[in-house]
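To start, the structure under review is shown below, and the notes come after it.
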Number of protein chains: 2
Amino acid sequence: MLSSTATEPRFQEEKLDLVFRALGDRTRRRLLARLTTGSAMVTELAKPFDMSLPAVGKHLRVLENAGLITRTVNGRVHRCALNALPLKTVDDWLQHYQRFWGETLDALSDYVQRDNGGKPRKRS
Amino acid sequence: MLSSTATEPRFQEEKLDLVFRALGDRTRRRLLARLTTGSAMVTELAKPFDMSLPAVGKHLRVLENAGLITRTVNGRVHRCALNALPLKTVDDWLQHYQRFWGETLDALSDYVQRDNGGKPRKRS
DNA sequence: TTAATAGTAAACCATATGGTTTACTATATC
DNA sequence: GATATAGTAAACCATATGGTTTACTATTAA
């Protein structure tokens with residue numbers, strides 16, 4: 001077995017860098033949202049955007065490098081599909097912080113609803 | 001009421017831009033992780049990093065602009081604290097995709113464990 | 001009051017990012 | 001074979017990002 005595995009911290013950190021940065025752009029999030037309705041070729045994906053085809057192509061490349069989409073080339077058509085697995089990695093990362101936004105919400109709730117007998121609100 | 005509210009789509013999109021981009025850097029994620037153990041002043045936060053103080057200061061500014069930390073100035077000491085609420089926004093955004101990584105995992109599971117009678121695996 | 005500490009501001013630099021336009025390649029179609 | 005279509009590649013540009021160093025401000029302490 002190689003010294004590097006998919007679960008090794010550094011590997012995961014690099015992946016998170018790519019995924020978070022890929023998600024940090026509205027155009028790319030719109031592309032992902034579009035792909036939840038099914039795979040599509042590049043020109044189809046580019047149509048709704050007020051932007052050149054190469055620009056959309058670059059965004060798709062960023063998403064691909066982050067592992068968020070897969071591409072199958074068939075003739076001259078590149079068909080893109082959503083790959084949500086990296087989002088699970090993000091979700092896992094987020095879970096470490098869930099209790100903190102819970103705490104914040106509870107504190108806010110306690111502050112706003114003092115007539116609640118001071119009981120913490122149930123977590124959603 | 002003003003024409004712009006915290007839940008208006010554009011507002012949320014801008015926020016997601018800031019938060020995702022803030023999270024797309026390892027140094028900043030380490031800073032957040034540190035802050036889960038409690039608030040700290042800037043020099044304390046900077047200590048573990050092989051990086052100048054102004055550099056860390058900039059990272060903290062990015063986190064602050066994304067709403068991920070709050071800062072209380074007391075004399076010359078700036079005390080930073082985690083604010084995880086924007087991470088809940090991220091979590092909400094992620095939930096729209098949860099069923100897709102579920103599907104992918106199921107498909108993988110089906111492929112790997114053909115001896116399973118073809119039944120979909122239970123969601124975690 | 002002098003000196004040390006906490007931190008930002010500003011100027012600077014290299015590289016990354018997000019867009020453009022203008023080729024160019026490869027596949028379909030007439 | 002000629003032409004249209006799908007898409008990338010490459011060159012270019014403006015701005016953003018992540019780091020540096022060198023001031024500078026403000027507060028605390030000797």
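Numbered from 1 within each chain, the chains take letters A, B, ... in sequence-line order.
For the pair His78(B) NE2 and dG7(C) C1', the interatomic distance rounds to 5 Å; values are reported in whole Å. Going from atom CG of Asp25(B) over to atom P of dT17(C) covers 12 Å, rounded to whole Å. A straight line from CZ of Arg71(B) to P of dA6(C) spans 15 Å, rounded to a whole angstrom. Atom CG in Asn65(A) sits about 14 Å away from atom C1' in dT8(D), given to the nearest Å. As rounded to whole Å, 14 Å separates atom C1' of dA26(C) from atom CE of Met41(A). Separating the CZ atom of Arg26(B) from the P atom of dG18(D) is a distance of 12 Å, rounded to the nearest angstrom. The interatomic distance linking Glu44(B) (CD) with dT5(C) (C1') rounds to 13 Å, in whole Å. Per the geometry, CG belonging to Asp50(A) stands 14 Å off C1' belonging to dG18(C), to the nearest Å.
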Legend entry - Intermediate values then yes/no, salt bridge (Lys or Arg N to Asp or Glu O under 4.0 Å), Lys47(A) and Glu44(A): CA-CA 5 Å; Lys47(A) 235 168 254 168; Glu44(A) 281 171 7; over 6 Å; no
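The shortest non-hydrogen separation linking Gly24(A) to Asp17(B) is O-OD1, 3.8 Å. What you find for Leu63(B) and Ala22(B) is that their closest heavy atoms are CD2-CB, 4.3 Å. In plain terms, the two heavy atoms of Arg29(B) and Leu23(B) that are nearest each other are NH1-O, 2.7 Å. Nearest approach of Arg79(B) to Ser39(B), heavy atoms of both residues: NH1-OG, 3.0 Å. When all heavy atoms of Ala84(A) and Phe100(B) are compared, the closest pair comes out as CB-CB, 3.6 Å.
Using a distance-only test at 3.5 Å, with no hydrogens or angles considered, no donor-acceptor pair links the side chain of Arg21(B) to the main chain of Asp25(B). Side-chain atoms of Tyr97(B) do not come within 3.5 Å of backbone N or O of Thr36(A) as any donor-acceptor pair. Between the side chain of Asn83(B) and the main chain of Gly67(B), a donor-acceptor pair closer than 3.5 Å is present.
Between Thr43(A) and dG7(D) there is a side-chain polar atom (N or O) within less than 4.0 angstrom of OP1 or OP2. Contact annotation: Arg21(B) side-chain N/O to dT17(C) OP1/OP2 distance is not under 4.0 Å.
Arg79(B) comes within 4.0 angstrom of no nucleic acid atom, judged by non-hydrogen atoms across all strands. When heavy atoms are screened at a 4.0 angstrom cut-off, Ser52(A) is found touching base atoms of the nucleic acid. Residue contacts shown for Arg28(A) are limited to sugar-phosphate atoms, with no base heavy atom under 4.0 Å away.
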Inset, instruction - List the protein contact pattern of nucleotides 9-15 of chain D with one symbol per nucleotide (5' to 3'): B for base contact, S for sugar-phosphate-only contact, - for none; contact means a heavy-atom distance under 4.0 Å. - result: B------
Legend entry - Sugar-phosphate or base contact per nucleotide [nucleotides 25-30 of chain D; S, B, -; heavy atom under 4.0 Å]: --BS--
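Looking at the side chain of His59(B), the nearest of the listed nucleotides dG18(D), dG18(C), dG7(D) is dG18(D).
In terms of position along DNA chain C, the nucleotide closest to Val77(B) lies nearer the 5' end than the nucleotide closest to the other residue of the pair Ala55(A) and Val77(B).
Residues Gln98(A) and Lys88(B) form no side-chain contact, since every pair of their non-hydrogen atoms from C-beta on lies 4.5 Å or further apart.
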